[in-house]
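Just so it is clear, the structure is predicted and the values come from calculations on it, not from any experiment. Atoms considered below: every heavy atom in the structure, side chains included; atoms not considered: hydrogens, waters and symmetry mates.
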Amino acid sequence: MENETEIRVLDEVGSTNDEALSLGRAGAAHGLAVAARRQTAGRGRRGHAWDSPAGNLYLSVVLRPNVGPERLSGLAAVCGLGALEALSALGATDVLLKWPNDLLARERKISGILVEAARDSRGETFAACGIGVNVERAPRGLGATCLEELGVQVTLPALAQGLRARLCERCDAWAASIRALVEKDGPLTPVLDDYLAHLAWLGESVVALSPAGDALCTGRLATIDAWGRAVLETPYGTRAFSAEQASLRPLA
């Protein structure tokens, strides 16, 4: 990948998100990104390891939406939408969001997204949005797919630039809308319609799993609310789960 002013390219790194967080704490500007050809300590949500072989893209972007810390929880969904739009623009079809913000293509995972918030040396809140995209290789044991299998041919620099641009555009538009909301409005309010329009398994039967992998309940995925919670309709009433409480899987 060729170096760009907005994207710092590394051959190998432990974690691009760790690099972006370090740069953000030192005052890096909104939109500065770190890309790597390979990660040795990539991670996903809840600290899960992210398989990071050469040939795929690992990118983290420093985002400074200038919204209150209580609103930052909405940024994960915003970044998911931005990444989906970037992949779609490159020709990846049938890409859907897997709550809360991973991406599926043909029912298989093609991208993982991790948003982490921190404070810089001035006490200002920012976030690092890390994205791993399966470009040439897909971990078979994890039921994944890659862009090559979808027939999408793209260079890593073009993919990195496209993702960075869409993330920044989505973040900026969301932040402007958030600042116009009243306090009772949830952080997903400005993007909720778009999010639901691209959500996998909406209206279908799913099982909610605890972080340990235990089944919490089964039900119909009715919606995602403005606070980012998955709302399930079950035989025993409505249940709502945050992303910290549960993950979803379709019922076979």
Side-chain angles (χ1 to χ4, degrees), residues 1-45 47-65 75-76 78-92 95 101-103 105 109-118 120-121 126-139 144-150 152-172:
M1 285 182 286
E2 298 176 359
N3 208 335
E4 298 284 346
T5 303
E6 306 89 350
I7 301 180
R8 300 186 181 183
V9 182
L10 305 171
D11 283 330
E12 181 177 290
V13 68
S15 161
T16 58
N17 248 32
D18 285 345
E19 292 292 321
L21 287 169
S22 179
L23 291 167
R25 290 188 180 101
H30 175 67
L32 180 67
V34 178
R37 295 179 176 87
R38 184 172 179 270
Q39 292 185 124
T40 58
R43 64 180 183 275
R45 291 178 58 236
H48 292 167
W50 178 264
D51 190 24
S52 306
N56 294 339
L57 177 69
Y58 313 105
L59 176 78
S60 292
V61 184
V62 175
L63 298 174
R64 295 183 179 274
L75 191 55
V78 173
C79 290
L81 279 168
L84 183 149
E85 291 167 348
L87 294 186
S88 297
L90 292 169
V95 178
N101 61 319
D102 287 342
L103 299 182
K109 188 170 180 176
I110 194 168
S111 175
I113 299 171
L114 175 67
V115 177
E116 297 179 295
D120 63 21
S121 58
F126 71 97
C129 173
I131 301 179
V133 180
N134 297 332
V135 179
E136 296 179 359
R137 301 182 183 180
T145 189
C146 62
L147 291 176
E148 190 170 281
E149 290 181 350
L150 300 179
V152 176
Q153 301 296 320
V154 62
T155 65
L156 293 185
L159 178 57
Q161 289 289 353
L163 283 167
R164 177 196 166 277
R166 289 305 298 149
L167 288 179
C168 290
E169 290 168 8
R170 269 288 184 179
C171 178
D172 293 345

**Asked** Is there side-chain contact between Cys79 and Leu63, with at least one heavy-atom pair below 4.5 Å?
**Response** yes

**Prompt:** What's the shortest heavy-atom distance between Asn17 and Glu116, and which atoms?
**Reply:** ND2-OE1, 2.9 Å

**Item:** Sub-4.5 Å side-chain heavy-atom contact between Leu147 and Glu136
**Value:** no

**Prompt:** Looking only at heavy atoms, what is the nearest atom pair of Ala118 and Leu21, with distance?
**Reply:** CB-CD2, 4.0 Å

**Prompt:** Quick one: are Leu59 and Val34 in side-chain contact, heavy atoms under 4.5 Å?
**Reply:** no

**Prompt:** Counting distance only, does the side-chain N/O of Ser111 pair as donor-acceptor with the main-chain N or O of Val133 below 3.5 Å?
**Reply:** no

**Request:** Answer yes or no: is there a donor N or O on one side and an acceptor on the other, between the side chain of Ser88 and the main chain of Leu84, under 3.5 Å?
**Result:** yes

**Item:** From Thr145 atom OG1 to Leu103 atom CG, the distance as rounded to the nearest 0.5 Å
**Value:** 12.5 Å

**Message:** Any heavy-atom pair between the side chains of Leu57 and Leu163 that's under 4.5 Å?
**Reply:** yes

**Message:** Distance check, rounded to the nearest 0.5 Å: Asn56 atom CG versus Glu148 atom CD?
**Reply:** 10.0 Å

**Request:** Step by step, work out the side chain to side chain contact (heavy atoms under 4.5 Å, CB included) result for Cys129 and Ile113.
**Result:** CA-CA 7 Å; Cys129 173; Ile113 299 171; 3.9 Å; yes

**Item:** Closest non-hydrogen atom pair between Val152 and Leu90, with its separation
**Value:** CG1-O, 3.6 Å

**Prompt:** Counting N and O atoms only, with roles assigned by atom type, does the side chain of Asp11 sit under 3.5 Å from a partner on the main chain of Arg37, one being a donor and the other an acceptor?
**Reply:** no

**Asked** Considering all heavy atoms of both residues, which atom of Ala28 and which atom of Leu32 are nearest to each other, and what is their separation?
**Response** CB-CD2, 3.6 Å

**Prompt:** Could you give the distance from CZ (Arg38) to CG (Leu10), rounded to the nearest 0.5 Å?
**Reply:** 13.5 Å

**Asked** Can you find a pair of side-chain heavy atoms, one from Arg64 and one from Asp120, that are under 4.5 Å apart?
**Response** yes

**Message:** What I'd like to find out is whether the side chain of Gln161 reaches to under 4.5 Å of the side chain of Ile7, using heavy atoms alone.
**Reply:** yes

**Complete:** Here the pair of heavy atoms bringing Gly31 nearest to Cys168 is CA-SG, 3.6 Å

**Asked** Does the side chain of Asp172 reach to within under 4.5 Å of the side chain of Pro65, using non-hydrogen atoms?
**Response** no

**Asked** side chain to side chain donor-acceptor pair (under 3.5 Å) with Arg164: which residues, sequence neighbours excluded?
**Response** none

**Which atom of Val78 lies closest to which atom of Cys171, heavy atoms considered** = CG1-N, 3.9 Å

**salt_bridge(Glu85, Arg170) N-O dist < 4.0 Å** = yes

**Short side-chain to backbone donor-acceptor contact, Asn134 and Ala144, under 3.5 Å** = no

**Prompt:** Are any non-hydrogen side-chain atoms of Arg25 and Phe126 less than 4.5 angstrom apart?
**Reply:** yes

